[in-house]
Amino acid sequence: MTGGDLQSFESDPVMARPAPAPLYTLRGAGSPLNALHFGCCEGDPPLLFSGSGQGSVHVWNLTTRRAEKVLEGHSGASVTWLNTLHSRDTLISQGRDMRVCLWDLAEGRGDVTDTLWTGSVGFCRCSLLETGPGRWLLAHAGEAMEEVKIIELPSKSPVCALIPQAKLGMVMCIKLWQPDSSPGPLLLAGYEDGSLALWDVSQRSVLSRAAAHPEPVMCLDFDPAGQRGISGSSEKSLASWMLDGQHRLQLQEPVALVNPGISQLCIRGDRKIVASAGWDHRVRVFGWKKLRPLAVLQHHTDIVLSLAFSDHQDPRNRMLAAGSKDQRISLWSIYNQGSSDTG
């Protein structure tokens, strides 16, 4: 697939290029798809985990294109986030039942081995950071409206609670990472008042804050190597920002959108492209370097709620998955061959 100008897709039907089609679509989840996560291991069929609005986690075999397992662990409450520990044999899921579940999927099992009570009633997705062999930090929204709690896994030992002194409203989205320039991890948080805050986890302090949006920050993603990030809200633009050498948030030129509302943003691992999940039923693809619009993926008939890029070893086999309120998951192959057209 070749990149196209965003306006040519949406505003000029005479000049429009043919819209790309998905490789295939997965059906059968039975409710909106709020969370997606790939599990690709060399020599094994690639898997896609999906979390539904009715509390189910489907494990999709992407070779057979069928769900080989359905996990029920959140009492019918919406699953909002998924990830894997070790390999894809240990799954971690977050639900609106205010619980995080750890699953043992090895050798055909599908058992909850441990749970964590978060106390959070919001929609903020967890963030996971591997800190050493068999050790992770998990950040999640806490019981207090503005609170982010960080614990260590698998011990579940509390590390800290981050509560801003300023009144920023509910924490909406978070991203935890370990920079090369800092002895401890940093955390980015987006809040209800539209601001972003950069936290030093070790010091429990805010390093910088920026008013990125006039509305609540619905989603964000961050590129630690490039020290750049992007965030979305309910308005008709994406906020672009970077960190300077003193860990100060610097807002850059916003990216205009044709229609308002973004559910999720996802930067691909190779830092070539970024995708947005739109309330207007569309997935938009931008070049990450200059945030140039490349393509609009039109397939779904309702809000796109979730996105995930696959972690397949062979770049040619990497895919983008999009989950929608229309209860379908679309799989796309985009910009896998080269980087010259993804500026």
Side-chain angles (χ1 to χ4, degrees), residues 25-40 46-62 65-85 87-105 109-118 120-128 136 138-141 153 172-175 218-221 262-266 275-277 279 283 300 302-311 319-331:
T25 302
L26 301 175
R27 296 175 173 85
S31 63
L33 281 310
N34 298 318
L36 295 171
H37 178 71
F38 278 95
C40 300
L47 300 180
L48 177 66
F49 303 94
S50 70
S52 79
Q54 63 184 16
S56 303
V57 176
H58 285 66
V59 184
W60 303 91
N61 182 318
L62 298 184
R65 302 179 187 178
R66 294 179 181 275
E68 62 179 32
K69 193 175 296 182
V70 181
L71 309 172
E72 304 285 353
H74 289 283
S75 305
S78 177
V79 177
T80 57
W81 175 79
L82 295 164
N83 213 315
T84 45
L85 305 175
S87 65
R88 61 190 193 179
D89 288 339
T90 306
L91 178 72
I92 181 168
S93 64
Q94 174 192 10
R96 292 296 310 283
D97 59 348
M98 296 185 279
R99 291 197 309 157
V100 171
C101 293
L102 266 66
W103 302 80
D104 176 14
L105 304 185
R109 291 186 290 270
D111 306 318
V112 175
T113 59
D114 206 352
T115 60
L116 167 72
W117 175 262
T118 67
S120 171
V121 298
F123 293 91
C124 181
R125 295 177 168 111
C126 293
S127 184
L128 188 70
W136 295 267
L138 178 74
H140 66 85
L153 294 178
M172 306 293 292
C173 47
I174 51 179
K175 177 77 173 185
M218 304 300 297
C219 53
L220 64 83
D221 202 2
I262 298 295
S263 304
Q264 189 171 5
L265 290 159
C266 195
S276 67
W279 295 3
V283 176
H300 291 285
D302 211 327
I303 294 171
V304 182
L305 298 169
S306 53
L307 295 170
F309 283 108
S310 70
D311 52 351
M319 291 181 287
L320 169 66
S324 171
K325 193 176 179 182
D326 66 11
Q327 306 181 17
R328 294 180 294 164
I329 303 169
S330 58
L331 280 297

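- A 4.5 Å side-chain heavy-atom check between Leu26 and Leu33 finds every atom pair outside the cut-off.
- Using a 4.5 Å cut-off on side-chain heavy atoms (C-beta onward), Met172 and Met218 make contact.
- Defined by atom type and a distance below 3.5 Å, a donor-acceptor pair is present between the side-chain atoms of His300 and Ser330.
- Between Asn61 and Leu47, the shortest heavy-atom distance links the atoms CA-CD2, 4.0 Å.
- Here Gln94 contributes atom CD and Cys101 contributes atom SG; the two are 10.5 Å apart, rounded to the nearest 0.5 Å.
- The shortest heavy-atom contact between Asn34 and Ser78 is ND2-OG, 2.5 Å.
- Atom CZ of Arg109 is surrounded by more than 12 heavy atoms from other residues, nucleotides or ligands within 6.0 Å.
- Rounding to the nearest 0.5 Å places CD1 of Ile303 at 5.0 Å from NZ of Lys325.
- Two residues are said to be in side-chain contact when any heavy atoms from C-beta on lie closer than 4.5 Å; Thr113 and Thr90 fail this criterion.
- Nearest heavy atom pair, residue Val283 against residue Ala275, reads CG1-CB, 4.3 Å.
- To the nearest 0.5 Å, atoms NZ (Lys175) and CG (Leu220) are separated by 8.5 Å.
- Taking 4.5 Å as the limit, every side-chain heavy atom of Leu331 sits out of range of all side-chain heavy atoms of Arg65.
- Side chain to side chain, Ser52 and His58 fail the donor-acceptor criterion of an N or O pair below 3.5 Å.
- Ser75 and Asp97 form no side-chain donor-acceptor contact under 3.5 Å, judged by distance and modelled atom types alone.
- In terms of heavy atoms, Cys266 sits closest to Ala308 at SG-CA, 4.4 Å.
- A distance of 8.5 Å separates CZ of Phe49 from CG of Leu71, quoted to the nearest 0.5 Å.
- When all heavy atoms of Ser263 and Cys219 are compared, the pair lying nearest together is O-CB, 3.6 Å.
- Once rounded to the nearest 0.5 Å, the distance linking CG of Asp114 with CZ of Arg99 reads 10.5 Å.
- The salt bridge (Lys or Arg N to Asp or Glu O under 4.0 Å) test applied to Arg328 returns Asp326, not counting sequence neighbours.
- Atom CD1 of Ile92 is separated from atom CG of Leu82 by 9.5 Å, given to the nearest 0.5 angstrom.
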